[in-house]
Structures are given as structure tokens and as C-alpha cells.
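Report on one structure; see the data block that follows.
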Number of protein chains: 2
Amino acid sequence: MTQIRMTHVIEKIKNAGVKFTRPRKLVLDALRTARQPLSMKEIHKRVRNRADLASVYRTVNLFQELGIVREVQLGEGYQRYEFIEEGRHHHYVLCIECGKLEDIDICFLDRVEKMTNFKILSHSMEFQGLCHSCAE
Amino acid sequence: MTQIRMTHVIEKIKNAGVKFTRPRKLVLDALRTARQPLSMKEIHKRVRNRADLASVYRTVNLFQELGIVREVQLGEGYQRYEFIEEGRHHHYVLCIECGKLEDIDICFLDRVEKMTNFKILSHSMEFQGLCHSCAE
DNA sequence: CTGGTTGCAAACTCTTTGCAATCCT
DNA sequence: AGGATTGCAAAGAGTTTGCAACCAG
């Protein structure tokens, strides 16, 4: 199943008329196997010495345009990025004390679209606070 | 009414044990009279030659800590800030074509807090897309 | 008075870009 | 082969910081 999805992604890249080069493979793998959204630096660390930081930026931006990757805003002063899994749209809650990152499997996009009469193309919806243990 | 609220804000500042200086007055006025959330640059422009950009940064950050101002993430590569009006918590939808900024008078904070068992301290929830006119 | 605050300049972090060398197809 | 892509280094944007001068209380 992951196999099939990967094929889709690689098709997406090739159909866009761009090459599936080594740096792109590396970045794709880093994002695909990550358990959490990664920053550009973290992606670079994972492909260290095999792709330049500038190429990481260029690649992630390309992937974002192709709809392979989405941006996650955790309010840390930089962006994080995660591989988009089909049918699994979600958001995050970050504990500012211990760094724990939890998923919220809900999104209010449809409601907002109806309310506003906008065609929503992108959105961020992330929450920061204290997790159960840290709140005590 | 605005008068009363301002008194509250100024009290808040003085009770924090900090001085209510000229740059702080200027930044407060800029934010208070703005119709939209402002970037640091825009605030600086509004107080131009009367407060340094570094002071604008320091002041806005202070105001944020004091709960006078909140951060608005519109995905433009920098932050915007707005004066917090009591009892008027809301979010934004930005049209990426014409720049129109519309309010959403709803927030899902309570639901998220219940779902996650986190004590939520801050959050961002902003949407980008095409407004009715630009979507045609 | 005097400690908090400011302005200025320099430093930092994150991100983008120009260009010659290199790699895919 | 030949255009797309890369690595490198430099430049841009946004933000923070050290410090002497200054100001509010």
C-alpha cells in the first residue's frame, strides 16, 4: 500500500515535467519515513552530505507546489513539512513544555468554506499549550 | 467604552512593573487604531521617526506576553499582530489574489481542548484562498 | 536619582538566488 | 547532447542583542 502510494508520488513528480533526481529521492525518503513534520534543517541533517541545504529548500518548495508535502506552522519561528497521506488530513497540538506533538484528526475546513464563501486553498490550524502531564 | 478598555490596558502595563514610555504609547496607539492586523514593519511605518524598529519588536513582544496583543499567522513569511478586544475572539480568511481579509467569528478552541486533554495557551487558525469575486 | 528602556549598529537565523559545473533522460 | 538541476557562496528578509545614552517614576 505504501508502495502504491509512492508510485503515485513519483508519477506526480515525473508528470510535472521535472526530473526525479538524487536530492529529490533523498528528501522524499526523509519526509516519507519521518514520524513528525520536519524542519528544513532536520531534513538536511537526514540527508547530510548528500544534498545541499539550498537543494533541500528548492525540493521541499517544489513538493509543496506539487501537493506532495504540506507546511505545518507550529509557531517556532520556522516551518515544518510533512508528507501528505491521502485521506488522512489532520492537525497538531504542541506541548510547549515537553515538546510532545499530538494529532487532532479533525479539520473545520468545510465549515469555514461554507461560512466565508471563499475557495480555501490552504490553511494552518495548530495549537500550543500544556499537555496533561505538564499542566499539573 | 474604548476609554475604559484603554485604562485596563494601561493598568496591565503598569502592574507588570514596566514603564509606560513614549515608544510603548505609540505602538499601542498604532495597534489600537488599526483596522487589520499589522506587521512589525507596518507598525514601524505608523510610528516612523518616533520609535526605532528594534523598539517596536521589543514592545510588541512585551505586549504579547502581557496578553494585550495576539499574533496572526497569514502565511506571508512574517507575523502580524492585533490588539485583543475583550469578548471578540476571531480568525481570518485571506484572499491570496486581491488581498481581502475577512473575519471568521468562530473558533474551535473549546472543542480542541476537550479532544486533546491539553491546556491550550495559544493557537493559530488562518485560512488562505480565493474570495467570491476572485474565484470566478 | 537610578534602574528600566531606547536607539543604533552589529549579529543571527531562516530562506532565496546567481552561476558555473554536473546530472538525468 | 542539452536543458534541468545541483552545490556553493553570497545576498535578502525578518528578528534579536549588546551597549552607551537617556528617560520615567
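Small disclaimer: the values here were computed from a predicted structure and weren't measured. Letters A, B, ... mirror the listed sequences (proteins, then strands); counts begin at 1.
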Notebook entry, point to check: With nearest nucleotides of DNA chain D determined for B:Gly77 and A:Asp52 from heavy-atom distances, which residue corresponds to the more 5′ nucleotide?
Noted result: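 In this pair, the answer is A:Asp52.
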Notebook entry, point to check: DNA chain D: B:Tyr81 or B:Arg58, which has the more 5' nearest nucleotide?
Noted result: B:Tyr81
Item checked: Flag if over 12 foreign heavy atoms under 6.0 Å of CZ, B:Arg48 ->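 More than 12 heavy atoms, drawn from other residues, nucleotides or ligands, come within 6.0 Å of this atom.
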Note to self: A quick test of your reading: do over 12 heavy atoms of other residues, nucleotides or ligands sit less than 6.0 Å from NE2 of A:His90?
What the structure shows: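 Enclosed: over 12 neighbouring heavy atoms sit under 6.0 Å from NE2 of A:His90.
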Notebook entry, point to check: What is the minimum heavy-atom distance between A:Arg80 and A:Ser39, and which atoms define it?
Noted result: NH1-N, 3.8 Å
Checklist line | Centroid-centroid distance, A:His91 to B:His123, less than 6.0 Å | finding: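 No - the distance between ring centres of A:His91 and B:His123 does not fall below the 6.0 Å cut-off.
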Would one find a side-chain N or O of [X] under 4.0 angstrom from OP1 or OP2 of [N]?
{"X": "B:Thr21", "N": "C:dT6", "value": "yes"}
{"X": "B:Tyr57", "N": "D:dT15", "value": "yes"}
{"X": "A:Lys41", "N": "C:dC14", "value": "yes"}
{"X": "A:Arg24", "N": "D:dT5", "value": "yes"}

Item checked: Among D:dG7, D:dG25, C:dG7, the one nearest B:Ser55 by side-chain distance ->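 Selected nucleotide: C:dG7.
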Next item on the list: Let me know, please, whether B:Gly17 or B:Ala51 comes out on the 5' side of the other along DNA chain C by nearest nucleotide.
Entry: B:Gly17
Next item on the list: Pick base, sugar-phosphate or nothing for B:Tyr78, based on heavy-atom distances below 4.0 Å to the nucleic acid.
Entry: sugar-phosphate
Expressed in angstrom and rounded to an integer, what is the separation of [X] atom [atom1] from [N] atom [atom2]?
{"X": "A:Arg22", "N": "D:dG7", "atom1": "CZ", "atom2": "P", "answer": "7 Å"}
{"X": "B:Ile13", "N": "C:dG4", "atom1": "CD1", "atom2": "C1'", "answer": "15 Å"}
{"X": "B:Arg80", "N": "D:dG14", "atom1": "CZ", "atom2": "C1'", "answer": "14 Å"}
{"X": "B:Lys25", "N": "C:dT5", "atom1": "NZ", "atom2": "P", "answer": "13 Å"}
{"X": "A:Glu76", "N": "D:dT16", "atom1": "CD", "atom2": "P", "answer": "15 Å"}
{"X": "A:Leu53", "N": "D:dG7", "atom1": "CG", "atom2": "C1'", "answer": "11 Å"}
{"X": "A:Asn61", "N": "D:dT6", "atom1": "CG", "atom2": "P", "answer": "12 Å"}
{"X": "B:Leu26", "N": "C:dG7", "atom1": "CG", "atom2": "C1'", "answer": "14 Å"}

Next item on the list: Give a yes or no on whether the backbone of B:Ala51 and the side-chain of B:Ser55 come within a donor-acceptor separation of less than 3.5 Å.
Entry: no
